[in-house]
S.K.: 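Got a structure for you, questions after.
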Amino acid sequence: MLVNIQSLIDAAKCYEAIRAIRWPGGVGCPKCNSQQVIKQGFDDTQAHRQRYLCKACGCRFDDLTHTIFAGHHQPLYTWFLCLYMMGLNLSNQQIAQELDLDPDDVQEMTAQLRTGIVVKKPPVMLSGEVECDELYIVAGYKGQPEVVRSQGRKGRRRRLKARPGRGTKAKEKPPIFGMIQRSGEVVIQMLNNVKQATIAPLIKSTIAPGTLVFTDEYQIYAKLTAWGYRHFHRVPCSGGVCPRRRW
């Protein structure tokens with residue numbers, strides 16, 4: 001007896017799974033991250049695709065907004081089946097045959113699934129108490145990166161020699177900038193350099209205004225107060241690090 005495998009997939013449960021993955025703590029607005037969200041019916045063409053309205057910013061969105069599934073003509077359960085068959089190590093050609101799809105469509109689907117379910121995830125917004133710091137790396141043997149130092153810390157004894165001064169990509173010593181919310185999320189990004197003009201847009205787009213930001217004494221952080229943040233920095237002193245002081 002021949003069975004259409006797509007008929008075995010429950011579309012409603014697929015959308016329940018997406019909601020559980022995207023919003024384990026409750027539906028949040030993809031624009032402002034607010035949870036002041038109300039339901040606004042279902043999609044006209046996909047009966048189980050819930051629509052929402054954010055009462056905080058007025059954004060309208062649905063279960064698939066800002067995911068790789070948005071804007072595609074394939075039903076959600078087809079994506080789930082494709083993902084399942086990828087787990088069975090089936091080739092794209094085999095998946096196309098099993099699901100009766102065009103091989104080019106399957107190629108695009110598998111490529112996007114490998115990059116993750118949510119490829120347009122809203123940027124993280126840190127708040128409360130956030131630590132900012134930067135460290136530098138140089139290329140190690142056989143292409144392995146090796147940490148040079150974090151601001152205010154001694155470097156490793158055995159490492160490749162790098163050019164003196166602050167790291168930049170041009171010097172093959174790119175700076176890695178980290179922002180860590182205490183008991184929260186972490187944002188790490190490689191920068192071209194560690195100038196105020198470089199870190200300002202990143203900080204402003206990642207850390208909520210009014211947040212208490214802890215840093216070392218490096219001068220790139222001198223304008224944090226002017227940018228709308230409360231700022232404390234660590235001051236090195238003999239025998240260790242002195243208590244944090246307001247900038």
S.K.: Between atom CD of Q107 and atom OG1 of T110, what is the distance when rounded to the nearest 0.5 Å?
M.R.: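 These two atoms lie 5.0 Å from each other.
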S.K.: With distance as the sole test, does Y229 use its side chain to make a donor-acceptor pair with the main-chain N or O of I207 at under 3.5 Å?
M.R.: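 Pair found, side chain donor or acceptor close to backbone of I207.
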S.K.: Say you draw a straight line from CG of L81 to CE of M86; how long is it, rounded to the nearest 0.5 Å?
M.R.: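 Answer rounded to 0.5 Å: 13.0 Å.
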S.K.: How would you list all residue pairs meeting salt bridge (charged side-chain N to carboxylate O under 4.0 Å, His left out) that involve residues 62-84, not counting sequence neighbours?
M.R.: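 Residue pairs passing salt bridge (charged side-chain N to carboxylate O under 4.0 Å, His left out), neighbours aside: R19-D63, R49-D62.
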S.K.: Please state whether the rings of H231 and H233 are parallel, tilted or perpendicular, taking 30° and 60° as the class boundaries.
M.R.: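 Plane angle between 30° and 60°, so tilted.
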S.K.: Starting from the C-alpha separation in whole Å, work towards a yes-or-no answer on side chain to side chain contact (heavy atoms under 4.5 Å, CB included) for S127 and Q181.
M.R.: CA-CA 7 Å; S127 60; Q181 178 178 315; 4.1 Å; yes
S.K.: The test is side chain to side chain contact (heavy atoms under 4.5 Å, CB included); show your working for I18 and T67 and say whether it passes.
M.R.: CA-CA 10 Å; I18 285 294; T67 75; 5.6 Å; no
S.K.: Under the 4.5 Å side-chain heavy-atom rule for ILVMFWY, direct or indirect, which residues accompany L53?
M.R.: I38
S.K.: Tell me whether Q50 contacts the main-chain N or O of F42 through its side chain, where contact means a donor paired with an acceptor under 3.5 Å.
M.R.: no
S.K.: Would Q112 and E108 count as having a side-chain donor-acceptor pair, cut-off 3.5 Å?
M.R.: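 Yes, E108 and Q112 have a side-chain donor paired with an acceptor closer than 3.5 Å.
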S.K.: Within this structure, what is the CG-CZ distance for the pair L212 and R230, rounded to the nearest 0.5 Å?
M.R.: 4.5 Å
S.K.: Looking at CZ of F80 and CE of M85, how far apart are the two atoms once the value is rounded to the nearest 0.5 Å?
M.R.: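 It comes to 14.5 Å.
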S.K.: How many angstroms lie between atom CG of L126 and atom CD of E131, to the nearest 0.5 angstrom?
M.R.: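 One finds 12.0 Å between CG of L126 and CD of E131.
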S.K.: Where do F61 and R51 land on the side chain to side chain contact (heavy atoms under 4.5 Å, CB included) test, with the steps shown first?
M.R.: CA-CA 6 Å; F61 60 100; R51 295 185 299 196; over 6 Å; no
S.K.: Does a donor on one side chain and an acceptor on the other come within less than 3.5 Å for Y218 and E134?
M.R.: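 There is no such pair between these side chains.
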S.K.: State the OG-CD1 distance between S91 and I95, to the nearest 0.5 angstrom.
M.R.: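 Answer rounded to 0.5 Å: 7.0 Å.
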S.K.: Who are the side chain to side chain donor-acceptor pair (under 3.5 Å) partners of Q36, not counting sequence neighbours?
M.R.: none
S.K.: Once you measure the plane-to-plane angle for W79 and F69, does it fall in the parallel (<30°), tilted (30-60°) or perpendicular (>60°) bin?
M.R.: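 It falls in the perpendicular class, over 60°.
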S.K.: Checking the side chain of S205 only, and the main-chain atoms of P201 only, is there a donor and an acceptor separated by less than 3.5 Å?
M.R.: yes
S.K.: Going through the distances and angles, do R60 and Y52 end up as a side chain to side chain contact (heavy atoms under 4.5 Å, CB included)?
M.R.: CA-CA 6 Å; R60 297 178 185 275; Y52 307 93; over 6 Å; no
